[in-house]
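Structure, as structure tokens:
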Amino acid sequence: MSDTAVTPSTATFDQFGLAPDILKAVKESGYTIPTPIQEQAIPVVLAGRDMMGAAQTGTGKTASFSLPIIQRLLPQASTSASPARHPVRALILTPTRELADQVAANVQSYAKHTALRSAVVFGGVDMNPQSEQLRRGVEILIATPGRLLDHVQQKTANLGQVQILVLDEADRMLDMGFLPDLQRILNLLPKERQTLLFSATFSGEIKKLAATYLRDPQTIEVARSNSTATNVTQMVYEVAEGDKTAAVVKLIRDRGLKQVIVFCNSKIGASRLARSLERDGVVATAIHGDRTQNERMQALDAFKRGEIEALVATDVAARGLDIAELPAVINFDLPFNAEDYVHRIGRTGRAGASGDALSLCSPNERKQLADIEKLIKRPLDVQHLTVDAPVRHHHEERPPRRERVDGRAEGRDERGGRRRPGASSSGSFDRPHHHRAQPVDDFFLKPYEPSAASVRKVEEAAASSAAAPQKSSSKQPLAALLGGFGMPRKSSSSS
DNA sequence: AAAAAAC
């Protein structure tokens with residue numbers, strides 16, 4: 001952000017040589033001046049080079065790869081209805097379903113005046129409409145990894161002609177354990193392709209991923225990734241754990257916040273807080289991984305439409321979500337992972353607007369606070385918050401289990417799944433399935449080791465990027481990190 | 001410690 005302030009860009013989108021149909025869509029989106037990352041990335045992508053990008057959403061990241069991708073695919077766009085003429089040419093992978101949906105909406109709008117077709121596939125929703133769309137043919141596919149592999153196995157998606165791959169929020173995908181899925185997908189793609197990797201940090205793991213799957217990548221970086229936007233005012237309120245709900249209500253009322261995202265560390269905590277806020281007259285709803293995809297999308301849409309004051313979320317909403325003019329975020333809990341703090345507060349103060357990041361800190365969260373201050377390299381302003389009339393609810397801990405208007409009891413079977421008739425009633429269905437049946441396929445058993453030359457090039461690229469962000473733990477040479485990547489081998493290894 | 005993601 002500070003980059004823009006120091007050297008205001010006088011560039012326009014016209015300078016990139018994008019097709020008129022693309023520029024028209026850009027104009028209709030209301031954009032006139034490229035952001036720093038767009039200015040740097042668009043020429044690199046147009047030139048067909050691999051790229052590692054350090055940038056967060058809200059910096060214009062999505063357009064920085066979608067616009068040049070559309071341009072590059074344009075000559076192949078066909079008006080023929082034959083699916084064979086519409087193989088997947090560009091694949092964009094994201095860690096969460098909401099992010100996939102959002103990226104897809106952007107791609108759709110940028111490509112609307114072209115003959116290119118795009119589609120999005122992710123889990124939690126019916127596969128059939130997705131399969132039908134794939135059958136009709138799409139050039140640009142946006143997906144979460146699991147559902148994409150599902151489509152591959154069902155033979156509804158063919159990745160054999162992908163020319164451009166984008167790994168969005170790659171660090172997040174690794175955090176979430178997507179590496180095996182990513183490997184399977186990557187091994188299905190043609191070797192001759194362009195690969196773009198976006199990540200908040202260039203950790204050792206990210207560098208190894210890049211060294212293995214990218215070819216001589218160019219590094220693009222805007223705004224150091226662990227820095228927080230200067231237009232976001234950060235405040236920490238010391239408050240007793242039991243007063244947190246009242247504190248949230250007080251902050252919303254005192255500051256007259258029209259809309260706010262409140263982050264919790266647990267799914268149960270988020271549901272509970274949403275209910276408590278509702279009882280205190282705040283229109284609130286929860287969004288987290290135990291709600292059905294339908295509920296998640298409805299919650300997000302209603303929030304975007306302004307029908308909901310407080311969106312109470314887990315870290316499913318911490319990254320990437322772009323909600324215009326969000327005046328504030330509140331951390332009900334401080335995140336265990338300091339980096340998540342940066343991502344959470346990045347939901348406010350977007351596109352140059354100002355925003356407030358208000359964090360509640362109970363006495364047992366001091367360590368998390370210290371970790372955050374260490375990461376952002378500055379102390380945070382801490383104030384004691386007195387809650388004048390603590391709002392206590394007798395049923396706070398265990399709200400009555402009441403049938404909701406949709407006929408389901410809250411908190412049970414939220415995925416909308418139906419119990420199998422005749423299944424044992426031992427209650428095992430309420431537990432997540434940890435051991436998914438491992439499909440017998442061999443396409444993901446190829447080795448995951450970068451060549452020495454590739455490692456060198458990634459190291460050089462990362463080093464040449466000014467002040468490439470490094471986690472202190474990843475200062476060691478890449479080679480030292482290569483051994484312990486912990487990949488599942490075909491037959492169980494000693495690890 | 002917790003979250004996310006395929007039936």
Side-chain angles (χ1 to χ4, degrees), chain A residues 93-102 120-131 134 142-157 167-185 188 200 241 261-273 286-293 295-297 300 312-321 331-344 347 362 364-369 371 414-420 423 429 431-441 444:
Chain A
L93 297 176
T94 72
T96 68
R97 299 165 181 175
E98 277 76 11
L99 200 49
D101 207 29
Q102 181 180 290
V120 58
V121 301
F122 51 74
V125 294
D126 193 353
M127 258 188 108
N128 291 328
Q130 298 175 355
S131 303
L134 289 170
I142 300 96
T144 49
R147 178 55 68 93
L148 176 64
L149 284 170
D150 214 351
H151 278 291
V152 167
Q153 294 216 318
Q154 310 262 329
K155 304 260 189 268
T156 42
L167 302 173
D168 199 8
E169 305 272 358
D171 51 343
R172 183 65 163 178
M173 287 201 270
L174 293 189
D175 285 349
M176 287 167 59
F178 272 140
L179 183 57
D181 282 352
L182 289 185
Q183 274 186 276
R184 289 170 211 181
I185 293 166
L188 289 167
E241 189 65 41
I261 297 184
V262 187
F263 284 105
C264 295
N265 282 357
S266 73
K267 295 180 277 198
I268 287 174
S271 280
R272 201 175 279 164
L273 178 61
I287 181 167
H288 57 68
D290 272 356
R291 307 206 73 199
T292 66
Q293 196 53 37
E295 289 170 329
R296 283 163 60 165
M297 292 190 290
L300 196 56
V312 187
T314 58
D315 282 319
V316 68
R319 291 205 188 199
L321 287 194
N331 285 308
F332 183 85
D333 300 308
L334 286 180
F336 294 116
N337 180 353
E339 259 173 33
D340 287 336
Y341 173 84
V342 178
H343 290 290
R344 287 179 179 187
R347 293 318 99 215
S362 69
N364 56 2
E365 291 177 301
R366 297 253 163 77
K367 163 129 179 34
Q368 282 119 288
L369 179 59
D371 287 348
E414 284 194 315
R415 288 188 184 279
R418 182 185 287 256
R419 279 169 184 262
R420 270 189 280 142
F429 280 94
R431 289 210 314 272
H433 246 58
H434 282 304
H435 39 83
R436 301 198 295 228
Q438 205 60 27
V440 185
D441 44 27
F444 57 89

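Chain identifiers are assigned alphabetically (A, B, ...) following the order of the sequence lines, protein sequences preceding nucleic acid strands; residue numbering begins at 1 within each chain.
- Checking dA2(B), dA4(B), dA6(B) against every side-chain atom of Val316(A), the shortest atom distance belongs to dA4(B).
- The side chain of Arg97(A) places no N or O atom within less than 4.0 Å of a non-bridging phosphate oxygen (OP1 or OP2) of dA4(B).
- Side chain of Asp333(A) to main chain of Phe263(A): no donor-acceptor pair is present (N/O by atom type, distance under 3.5 Å, no hydrogens or angles).
- The shortest distance between the side-chain N/O atoms of Arg172(A) and the OP1/OP2 oxygens of dA3(B) is not below 4.0 Å.
- Taking atom CG of Asn337(A) as the reference point, atom P of dA2(B) lies 14 Å away to the nearest angstrom.
- Listed candidates were dA6(B), dA4(B), dA2(B). Nearest to the side chain of Thr96(A) is dA4(B).
- Once rounded to the nearest 0.5 Å, the distance linking CG of Asp340(A) with CG of Asp371(A) reads 12.0 Å.
- Qualifying side chain to side chain contact (heavy atoms under 4.5 Å, CB included) partners for Met176(A), counting only residues two or more places apart in sequence or in other chains: Pro95(A), Arg172(A), Phe178(A).
- In this structure, CD of Glu339(A) is placed 19 Å from P of dA3(B), rounded to the nearest angstrom.
- The separation between Asp175(A) atom CG and dA3(B) atom P is 15 Å, rounded to whole Å.
- Distance, Lys155(A) NZ to dA6(B) P: 20 Å, rounded to whole Å.
- In the set dA6(B), dA5(B), dA2(B), the nucleotide with an atom closest to the side chain of Asp150(A) is dA6(B).
- For the pairing with Asn331(A), the side-chain hydrogen bond (donor to acceptor under 3.5 Å, both in side chains) check across Glu365(A), Arg344(A), Gln368(A) returns one residue only, Arg344(A).
- Rounded to whole angstrom, the span from the CG atom of Leu174(A) across to the P atom of dA5(B) amounts to 16 Å.
- Under 4.0 angstrom from either OP1 or OP2 of dA4(B) there lies no side-chain N or O belonging to Thr144(A).
- Regarding Met127(A), its CE atom lies at a distance of 10 Å from the P atom of dA6(B), rounded to whole Å.
- Under the side chain to side chain contact (heavy atoms under 4.5 Å, CB included) criterion, Asn364(A) pairs with Glu241(A), Ser362(A), not counting sequence neighbours.
- The distance between atom CZ of Phe332(A) and atom P of dA3(B), rounded to the nearest whole Å, is 14 Å.
- Note: CZ (Arg291(A)) to P (dA5(B)) measures 14 Å, nearest angstrom.
- Residue Asn265(A) is classed as a sugar-phosphate contact, given heavy-atom separations below 4.0 Å to backbone atoms only.
- Checking the phosphate oxygens (OP1, OP2) of dA4(B), a side-chain nitrogen or oxygen of Lys267(A) falls inside 4.0 Å.
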